[in-house]
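The structure appears right after this line, and notes come after that.
Quick note: numbers below take in every heavy atom, side chains included, and nothing from hydrogens, waters or symmetry partners. Position 1 is the first residue of the sequence; numbering continues from there.
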Amino acid sequence: MPHPSLQDGPLARVGTYDLTTPAGLALLRRFDAQFHRLPPASREVALAELQLVLPLAERAEGLLVLPGGALAWREGGTILLPDPGSATGVTQSALLRQAVLPAEGLTIGHGAEGLCIAGTAGRGPQSATVLPRASVLAPLLPALAEWRGPAVIHWHGQGAVVWEMVPAPAPLALAVSLAGEPLAPGAALPRFLWAMAGADETYQLLASGLSAHLDEVLASEISDALRFALVAQWTDGGESLASRLADGLALLPSAFTADVAEPAGLAMLAAWPRMMSRLQPAQALIGIAAAEAGSRWDAALRQSFLAALRETLPAGTCLLAEAPRVEPAPLESLAADRLVRGTAPAFAALAPLALEERPAARLRQVNLLALRLGVPVLLAVPDWGLCHLLDPAGSSGCGNGMGYGLGAALELFEDG
């Protein structure tokens, strides 16, 4: 006799199975009973259309460190994450530290033993502060007056970046509950628990956590056959939920990396040593290089780069070449024209920054420049911990720009 499709039965109108409720579990048990009567090909279709809402894992609360070093806050079923699109850059961290002192925040430092909660002001190359109320910074940063919840500050050199902490979309909240490690006063969190080597390592951690969580939630509710099929669907391969959540956690801003001596996010600048030696506080580096431009690298490209810089960057900007014994030239000077006719492997503008800026605006500006020139363009702001290569070839490039508001981040997960 023919096997009825799940689409023909009473479950056809069930869009999502909310396993945080008894009704959702009951519906899944009924799905399980019908699932066993389907031929293998129909089972795959039914599984692909099955939408589940899992309860959060009950692992830890309070201040949490995520794989890769981003911070989160959890109170019961509410999980807060830094919103990349809210990033606000500051170039004089001394003023910000004064505003933070009376705010009773938690400052996290990276030391020899790992991450630990320290005093009330950031110290060392890698540190961050979580404030219970972002609005206390409004006298210094007026844009923050509309922020209603907590904020996280990453301290970098002479500057800092502030993010508003907002409720996490449901899928990312699940990821935080599975992988977030608690950071308690008086105890260090070792690097091996959070300093992942990349999204692949985070994926393996989340796949293991999801598998164990599904077992815990469903072992006594449904058959092994359906449970194993769900585990495989959620954890296997690049299109799985575990893989997608690993990519999502990688979009969050982090002040911490495994190497405690190096500022977070700036490893890419190692290929620009002379530029780095000239880069001053409250400056942004915007540059092109032969290594990324490839066959496009010629005098015409460099002249176009200079012309575009003159149209968009403020007074006080200078041009520099990645070559020995070459002095910076004011952007509007004839010396800048002579400089770009040289044979250096890279050229960059060193542009002044205001006290308060939106990193997302700078990223969009440099992205437009990359599209105009047709070659990748580097944006680096050590005072913000921002370093990203904007690629006009249709990708987002490489670096940590997504955590500073380049494109959508948390919005990608709003619909789960």
Side-chain angles (χ1 to χ4, degrees), residues 60-75 79-84 86-141 144 147 149-166 176 180-191 193-195 252-266 281 356 359 382-386 400 403-404:
E61 293 204 4
L63 182 60
L64 304 177
V65 182
L66 305 180
L71 298 175
W73 187 271
R74 179 176 183 180
E75 291 185 7
I79 292 179
L80 303 179
L81 292 175
D83 178 14
S86 69
T88 302
V90 180
T91 55
Q92 296 182 29
S93 61
L95 296 176
L96 191 59
R97 292 183 199 278
Q98 293 174 7
V100 166
L101 284 175
E104 298 182 352
L106 293 176
T107 291
I108 302 94
H110 191 184
E113 301 301 320
L115 298 182
C116 60
I117 296 176
T120 56
R123 294 290 185 269
Q126 297 183 18
S127 58
T129 299
V130 178
L131 297 179
R133 290 186 300 112
S135 58
V136 301
L137 302 179
L140 177 63
L141 305 173
L144 274 58
W147 293 9
V152 61
I153 305 170
H154 293 178
W155 306 98
H156 296 281
Q158 301 301 311
V161 182
V162 187
W163 286 266
E164 183 180 16
M165 298 193 78
V166 299
V176 172
E181 295 290 343
L183 185 57
L189 188 65
R191 279 182 286 276
L193 290 176
W194 56 268
L252 299 175
S254 173
F256 308 105
T257 56
D259 188 347
V260 65
E262 295 295 328
L266 300 178
E356 175 188 353
D383 280 352
W384 299 343
L386 168 61
N400 61 358
Y404 291 72

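Closest approach of L106 and I108 over heavy atoms only: O-CD1, 3.6 Å. The shortest heavy-atom contact between V152 and P82 is CG1-CB, 3.7 Å. Looking at every heavy atom in both residues, L131 comes nearest to A103 through CD2-CB, 3.8 Å. Taking both residues in full, the closest heavy atoms of G68 and S254 are given as O-OG, 2.9 Å, listed atom of the first, atom of the second, then distance. Here the closest non-hydrogen pair linking W163 and D83 is CD1-O, 3.2 Å. Contact between D383 and Q158 at its shortest, heavy atoms only, is OD1-N, 3.4 Å.
Distance check: L140 CG to R97 CZ gives 13.0 Å after rounding to the nearest 0.5 Å. Separation of atoms CG (L115) and CD (E181) is listed at 11.0 Å; rounding is to 0.5 Å. A distance of 8.0 Å separates CG in L189 from CH2 in W194, rounded to the nearest 0.5 Å. In this structure, NE2 on H154 lies 14.5 Å from OG on S93, to the nearest 0.5 angstrom. In this structure, CD in E104 is found 9.0 Å from CZ in R133, a value given to the nearest 0.5 Å.
Between I153 and V161 the shortest side-chain heavy-atom distance does not fall below 4.5 Å. In this structure, the side chains of L141 and L144 come closer than 4.5 Å at one or more pairs of heavy atoms. Using a 4.5 Å heavy-atom cutoff, the side chains of P382 and H156 are not in contact. Contact annotation: the side chain of V65 approaches that of L71 to within less than 4.5 Å [non-hydrogen atoms, C-beta and beyond]. Side-chain contact between L80 and P150: present, with at least one pair of heavy atoms (C-beta onward) separated by less than 4.5 Å. Looking at L386 and L266, their side chains never come closer than 4.5 Å, going by heavy atoms from C-beta outward.
Side-chain contact annotation: Q126 with T257, donor-acceptor N/O pair under 3.5 Å present.
Partners of E61 by salt bridge (Lys or Arg N to Asp or Glu O under 4.0 Å), not counting sequence neighbours: none found. For R74, the salt bridge (Lys or Arg N to Asp or Glu O under 4.0 Å) partners are E58, not counting sequence neighbours. A search for side chain to side chain contact (heavy atoms under 4.5 Å, CB included) contacts involving P132 returns nothing, not counting sequence neighbours.
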### Task
Could you please spell out the steps behind the side-chain contact (heavy atoms from CB on, under 4.5 Å) verdict for V166 and L81?
CA-CA 5 Å; V166 299; L81 292 175; 5.6 Å; no

### Query
T107 and I117: side-chain contact (heavy atoms from CB on, under 4.5 Å), yes or no, with the steps?
CA-CA 6 Å; T107 291; I117 296 176; over 6 Å; no

### Message
For W155 and T129: C-alpha separation, side-chain torsions, deciding distance, then whether side-chain contact (heavy atoms from CB on, under 4.5 Å) applies.
### Response
CA-CA 8 Å; W155 306 98; T129 299; 2.9 Å; yes

### Query
Are L64 and W73 close enough, and set up right, to give a side-chain contact (heavy atoms from CB on, under 4.5 Å), and what steps lead you there?
CA-CA 6 Å; L64 304 177; W73 187 271; over 6 Å; no

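At distances below 3.5 Å, at least one donor-acceptor pair connects side-chain atoms of T88 with backbone N or O atoms of S86. Proximity of a side-chain donor or acceptor of W384 to a complementary backbone N or O of G159 within less than 3.5 Å is not detected. Counting only distance, with no hydrogens or angles, the side chain of R191 and the backbone of A112 share a donor-acceptor pair below 3.5 Å.
Between H110 and F256, the ring-plane angle classifies as perpendicular under the 30° and 60° cut-offs.
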